[in-house]
Amino acid sequence: MDIRNTMGLLFWGNFALATLVFTFRFALFSKENKTHLLVFGFSKIFQSFAWLAFFLRTDTVTFNPVNILITNTLVFTSYYLESVAMLMMVKDSSKKAYQIQFLLFIITLLSFYGAVFVEAAANIRVSLASIIIFTLLILPSLQFLMATRSSLFKKILGFNYVILLIVLVFRTFYPLFKTSTTLYSVDPTQKIIFLIIFLMMIISGVGYLLLLQEEKEMQVKKLLDDKDKFFSIIAHDLRGPFNGIIGLSELLLENDNQLKPKETNEFIQLIHQSSKNVYSLLENLLTWAQSQTGSLEFSPKKIEISPIINKTISLLDNIAKSKNIRIESKIKNEEYAFADKDMLETIFRNLISNAIKFTENNGEVQLSITRENNQIVFSVQDNGIGIPPEKITNLFAINHRNTTSGTNDETGTGLGLMLCKDFVKKHGGKIWVESEIGKGSNFKFSIPDSV
């Protein structure tokens, strides 16, 4: 098999992989959590057309700067996108890592353009191209390997890139000793290099798809576990409030003529409170179900924060007044955030409601925001009973029941905090709590400051 046939195989192989990845992405994954699939798919599209351009070149002897620049730019862009896809698969990849990768891409691209501008020899360009691809892949490959030791498919994919890097090192030095080397050289070594690159492409593509299948199976398992938790919440926590409503209403019906107006009013207040508890629980359950099935639309836009806060405080005002709790917002007018309005309302409703629930009578709840490190940090602080350290770890986990009664024996499921975590995560932020027993809790969450 000659070099040109191998280039043809690389075109069809990369194109087929891109098609598979795009099909996998749109058929099996939601758009929010698998962006790296699109990036990886586009890297293979760029690479396939680069090899097609190399394959279609008829004059491989004459120095043609335009042809050289177009084809190699496609190759370098494809490997840059592939490196970004790897970074996206590594948890907690910093913004700085992406910036460094982009800077490397620009520098290496300009260095190749410089070599073409000075009409460097073909073997020098081949060597330089290998250095560029190696430079773009080395850091993401190492990060990917170090961060993904637990998964067999991730190991296979990571070691595939290591082999590719070794080949690139060899291909960097080989043209310097064999000065007649060009991209289209027909010597056996060049053929072997191209065959290895072809095999690595196949292995990386298959490994990537197997890895995605593994991730999908893990998602399905998590959804099944969450579904079990969901039904346990419904079975346990809806029964209590409804039993209270049914029991109190039966007492009213049976003793209507014997109860004094004050006693009747107390029964009505208890029924009203139980009804509100049921409504709040149902609202959270339905919202959580929508978020898990992907039917809850995420529509971030520039919004003013204070009207959302004021609306939430107004909704919870009666509950706060019943315990003589003061809610103070230090958030000024004309403070803006790029966020989904409904999700932000749900987060504040749950956090403020919890703060009221776990604050003693005559307490206070304070709301504030700060801006730091390109993040907006929201704070909901109370001077209530606080949270034991052993409970904080699993506070936002669905597989742990976090049902602590409030200071007036208010009930809850912990589902509200799970919703808060999900919605904050959709915004690309994080949520945490600082608490001390007897001194209160400070729930904080951050979202990117993208206004």
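Excluded from the calculations below are hydrogen atoms, water molecules and symmetry mates; all remaining heavy atoms, backbone and side chain alike, are included. Note that the structure is predicted; figures quoted are calculated from it, not measured. Residue indices begin at 1 and follow the sequence shown.
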Output every pair passing side chain to side chain donor-acceptor pair (under 3.5 Å) with a member in residues 166-176, not counting sequence neighbours, ordered by first then second residue.
->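 As it turns out, the side chain to side chain donor-acceptor pair (under 3.5 Å) pairs with a partner in residues 166-176, which skip direct neighbours, are Ser130-Arg171, Tyr174-Asp187.
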Aromatic contact, Phe46 with Tyr79 (centres under 6.0 Å) |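 Aromatic pair excluded; centres sit 6.0 Å or further apart.
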Between Phe112 and Phe76, is the ring centre distance below 6.0 Å?
->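 When the ring centroids of Phe112 and Phe76 are compared, they turn out to be within the sub-6.0 Å range.
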Between the main-chain N or O of [Y] and the side-chain N or O of [X], is there a donor-acceptor pair closer than 3.5 Å?
X      : Y      : value
Ser127 : Ile124 : no
Arg125 : Val116 : no
Glu328 : Gln366 : no
Asp382 : Gly440 : no
Gln101 : Leu136 : yes
Asn383 : Gly363 : no
Ser141 : Tyr161 : no
Ser353 : Asn350 : no

Other residues, nucleotides, ligands: >12 heavy atoms within 6.0 Å of [X] [atom1]:
X      : atom1 : answer
Tyr98  : OH    : yes
Phe42  : CZ    : no
Trp12  : CH2   : no
Gln99  : CD    : yes
Phe117 : CZ    : no

List the steps and the verdict of side-chain contact (heavy atoms from CB on, under 4.5 Å) for Ile100 and Lys96.
-> CA-CA 6 Å; Ile100 290 172; Lys96 189 176 180 180; 4.0 Å; yes
So which atom in [X] and which in [Y] form the shortest heavy-atom distance, rounded to 0.1 Å?
X      : Y      : answer
Met343 : Lys426 : CE-CD, 3.5 Å
Lys178 : Asn123 : O-CB, 4.4 Å
Ser329 : Ile309 : OG-CG2, 3.6 Å
His427 : Phe338 : CD2-O, 4.3 Å
Ile437 : Pro388 : CD1-N, 3.4 Å
Val433 : Ser441 : CG2-CB, 4.3 Å

Is there a side-chain contact between [X] and [Y], using heavy atoms and a 4.5 Å cut-off?
X      : Y      : answer
Ile68  : Phe63  : yes
Asn72  : Ile132 : no
Ile45  : Phe49  : yes
Thr346 : Arg349 : yes
Gln143 : Met86  : no
Leu351 : Phe378 : no
Ile356 : Ile327 : yes
Gln375 : Pro448 : yes

Evaluate side-chain contact (heavy atoms from CB on, under 4.5 Å) for Thr73 paired with Tyr113, printing each intermediate quantity in order.
-> CA-CA 9 Å; Thr73 299; Tyr113 286 175; 2.7 Å; yes
Enter the distance from [X]:[atom1] to [Y]:[atom2] here, rounded to the nearest 0.5 Å.
X      : Y      : atom1 : atom2 : answer
Ile447 : Lys430 : CD1   : NZ    : 14.0 Å
Thr359 : Gln381 : OG1   : CD    : 10.5 Å
Ile369 : Ile305 : CD1   : CD1   : 4.0 Å
Ser43  : Leu17  : OG    : CG    : 9.0 Å
Ile376 : Asp449 : CD1   : CG    : 4.0 Å
Asn442 : Ser379 : CG    : OG    : 3.5 Å

Please assess Phe443 against Ile387 for the test side-chain contact (heavy atoms from CB on, under 4.5 Å), listing each intermediate value before the final yes or no.
-> CA-CA 11 Å; Phe443 280 83; Ile387 305 168; 3.8 Å; yes
Is Glu335 salt-bridged to Arg371, cutoff N-O under 4.0 Å?
->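 Salt bridge between Glu335 and Arg371, a charged N being under 4.0 Å from a carboxylate O: yes.
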Evaluate ring-ring contact (aromatic ring centres under 6.0 Å, His included) for Phe445 paired with Phe423, printing each intermediate quantity in order.
-> CA-CA 10 Å; Phe445 68 95; Phe423 288 173; over 10 Å; no
With side-chain contact (heavy atoms from CB on, under 4.5 Å) as the test, would you mind laying out the steps for Glu82 and Phe40 before giving the verdict?
-> CA-CA 5 Å; Glu82 194 164 343; Phe40 186 77; 3.9 Å; yes
Could you tell me which residues satisfy ring-ring contact (aromatic ring centres under 6.0 Å, His included) with Phe105, sequence neighbours excluded, listed by chain and number?
->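 Here the qualifying residues are Tyr80.
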